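For clarity, every value in this text was computed on a predicted model and none was experimentally measured. We name chains A, B, ... by the order of the sequence lines, and we start the count at 1 in each one. Computation of the quantities below employed the complete heavy-atom set of this structure, encompassing side-chain atoms and omitting hydrogens, waters and symmetry-equivalent molecules.
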Amino acid sequence: MVVNLGPVKLLLNLQGARPNPRKDGMGYNPRCLRRDLNIHSALGGTANYTYLTLMEVDINGFYNRYMGWPALANDSHPWGVSTLSTQPI
Amino acid sequence: MWGGDPGAVSRVVIPPHSNDHSKLTDPSPKQDFFTSPGDPLFFLHHAMLDRVWWIWQMQDPEMRLNAIATVDMTSMNDTIAQFGPKSKGGKVSQNPDEIVIDLGWTAPPAKLLDMTEALGGLGGKFCHIYA
C-alpha cells in the first residue's frame, strides 16, 4: 500500500526517508506504508490492558492509562499509533 | 522498532499522541504524528478507542459522560500549536469549558463538551452506540 502525504516531522532519520516536497507536508510523496509489529508495542492492545483501563475510577486515571501517561507502559492508544504507519517512509 | 527488553522500552519510548511531546527529541523510533492517518487501520484503532471510552462512560453515565481529564496537556498543546493547521503558535486553553477541537480542513471546530456524548452529542448530530 502507498501513502502520499507527509512526512511532516520524522523523528528518526531513517534510511530511505524522503522529505516531502512541500514544507507543510501536503505535497505528493508516494512511498510504501510501513507498520511496526512487535511484542512490545502490541502489549497495549491486549485484553488485560483494556481491562485495566476500564477499571479506572476517575477520568484522569482513565485518561492517563488510555493515553499512556505516565507513559511508557505500552498503553492502549499509543500501541496502535505506534504500530500503524510507523515512520511512513 | 520497539524491540529490546520492556524495561528499555519503558525508559525510552514516548508513545506518540501521548501527553509528553516534550520528549519528542528523544532518540527513539516513533512514527510521524501527522501522517499516521495514512494507514487505514488508524481509523479502526481510534474507533475502538472511542468504544473503550464509551464503555467506561456507560459504567456510570451520570458521572462520566461529561468527565474531562484535567491532566496537564501543555506539551501536547505545544505540538499542536507548532504544527497544527490553525493554531499558529497560539496556546490551547486548559479549561474544559473553553476547549475547542479544531481539526483544520477535516471538520468545522466544535466545543469539546459538545462531543462527549455518543448519543445526542454535538446538538444531536452524534447518534451512535457501541456494541
Is [Y] reachable from [X] through a run of I, L, V, M, F, W or Y residues, each pair having side-chain heavy atoms under 4.5 Å apart?
X      : Y     : value
B:I129 : B:L49 : yes
B:I55  : B:W53 : yes
A:L52  : B:M48 : no
A:Y63  : B:M58 : yes

- Task: With a 4.5 angstrom heavy-atom cut-off, could you sort out which part of B:Q57 is near chain A: side chain, backbone, both or neither?
- Result: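 No part of B:Q57 comes within 4.5 Å of chain A.
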- Query: Which bit of B:L44 comes within less than 4.5 Å of chain A, counting heavy atoms only: side chain, backbone, both or neither?
  - Reply: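 Answer is neither: B:L44 stays 4.5 Å or more from chain A.
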- Message: At a 4.5 Å cut-off on heavy atoms, which part of A:N4 comes close to chain B: side chain, backbone, both, or neither?
- Response: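 Neither the backbone nor the side chain of A:N4 comes within 4.5 Å of chain B.
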- Hey, could you give me the CE/CD1 distance between B:M63 and A:I59, rounded to the nearest 0.5 Å?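 Output value for this atom pair is 11.0 Å.
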- Item | B:V52 to A:L54 - nearest heavy-atom pair and separation |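 So the minimum-distance heavy-atom pair works out to O-CD2, 3.4 Å.
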- Counting distance only, does the side-chain N/O of A:E56 pair as donor-acceptor with the main-chain N or O of B:W56 below 3.5 Å?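 Looks like no, no N/O pair under 3.5 Å.
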